[in-house]
Amino acid sequence: MRLFLPDEAATLALGRRLFEFLKPGSLVFLRGTLGAGKTTLVRGLLRAAGHQGAVKSPTFTLVEEYALPGLTLYHFDLYRLTSPDELEWFGFRDYLRSDSLCLIEWPERGGDTLPAPDFSIELELDLPGRAATIETAPGGDPELLSEIGSAAPPGIS
Ligand SMILES: Nc1ncnc2c1ncn2[C@@H]1O[C@H](COP(=O)(O)OP(=O)(O)O)[C@@H](O)[C@H]1O
Ligand SMILES: [Mg+2]
């Protein structure tokens with residue numbers, strides 16, 4: 001499913017909407033070039049989760065952790081990863097738990113180390129806005145996609 005996101009507010013709104021469809025244990029891939037809006041989407045999602053503070057890009061730290069009511073959200077940015085092995089050394093598997101949510105920018109840098117995601121969102125420049133293509137896991141519930149689309153907030157068309 002492809003959505004046009006005319007401005008930053010629309011990306012934030014999609015993030016907020018996506019949060020409603022995630023369960024503890026969910027894994028989300030965020031693909032797309034630098035500046036496509038991946039971190040902005042995570043910021044919107046964290047706002048929906050009740051996080052009021054800053055949302056920093058984890059480009060240099062690899063992961064930022066957010067303690068939310070009832071679960072921990074891990075926001076990864078694998079841009080600077082030079083080999084998928086680094087993820088193993090980092091202990092990535094300890095982050096994927098039934099009481100955590102993992103959102104991963106640049107998942108392609110993780111290679112086969114990463115399991116299949118519950119959602120994969122590709123953001124593209126569609127200037128002056130962005131476009132988002134959302135996929136669920138193979139075998140996932142295809143109705144989820146139409147639900148996310150039909151529940152699209154104002155600003156998304
Ligand atoms: N739908 C949109 N339309 C226009 N600008 C956007 C949109 N979504 C995000 N942006 C802007 O794009 C810039 C880069 O966003 P960011 O989330 O940091 O990208 P990424 O994490 O993919 O590198 C930010 O200035 C942000 O405000
Ligand atoms: Mg980013």
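Just so you know, ligand 1 is whichever comes first in the structure, and atom 1 is the first atom listed for that ligand. Fair warning: this is a prediction, and the values are worked out from it, not measured in the lab.
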Pro107 meets the side chain to side chain contact (heavy atoms under 4.5 Å, CB included) criterion, sequence neighbours left out, with Phe29, Arg31, Ile104, Leu114
For Gly37, is at least one N or O under 3.5 Å away from an N or O on ligand 1?
-> yes
So, is Gly129 polar-close to ligand 1, with some N/O to N/O distance under 3.5 Å?
-> no
Which atoms of ligand 1 are found less than 4.0 Å from any heavy atom of [X]?
X      : value
Leu34  : 23 (O)
Lys38  : 17 (O), 19 (O), 20 (P), 21 (O), 22 (O), 23 (O)
Leu5   : 1 (N), 2 (C), 3 (N)
Glu105 : 21 (O)
Thr33  : 22 (O)
Pro128 : 3 (N), 4 (C)

Among Val55, Leu71, Leu101, Thr72, side chain to side chain contact (heavy atoms under 4.5 Å, CB included) partner for Tyr66 | Val55
List the steps and the verdict of salt bridge (Lys or Arg N to Asp or Glu O under 4.0 Å) for Arg93 and Glu88.
-> CA-CA 8 Å; Arg93 274 158 216 288; Glu88 298 280 11; 3.7 Å; yes
With a cut-off of 2.8 Å, how many protein N, O or S atoms neighbour the Mg ion (ligand 2)?
-> 2
Note the single closest protein heavy atom to [atom], along with its residue, its atom name and the distance in Å.
atom                    : answer
atom 18 (O) of ligand 1 : Thr39 CB, 4.0 Å
atom 10 (N) of ligand 1 : Arg130 NH2, 3.8 Å
atom 25 (O) of ligand 1 : Glu8 OE2, 4.8 Å
atom 23 (O) of ligand 1 : Gly35 N, 2.8 Å
atom 24 (C) of ligand 1 : Thr40 OG1, 4.3 Å
atom 8 (N) of ligand 1  : Thr11 OG1, 2.8 Å

Side chain or backbone of Pro6 under 4.0 Å from ligand 1, or both, or neither, by non-hydrogen atoms?
-> backbone
Evaluate the side-chain proximity of [Y] to [X]: yes if any heavy-atom separation is below 4.5 Å, no if none is.
X     : Y      : answer
Leu41 : Leu103 : no
Val63 : Phe90  : yes
Leu62 : Arg80  : no
Ser57 : Asp77  : yes
Tyr79 : Glu105 : no
Leu45 : Val28  : no
Thr39 : Glu64  : no

Closest heavy-atom contact between Leu14 and Ala132?
-> CD2-CB, 3.8 Å
Between CZ of Phe92 and SG of Cys102, what distance do you get to the nearest 0.5 Å?
-> 5.0 Å
Ring centres under 6.0 angstrom apart (Tyr95, Phe76) = yes
Considering all protein heavy atoms, does one lie under 4.0 Å from atom 15 (O) of ligand 1?
-> yes
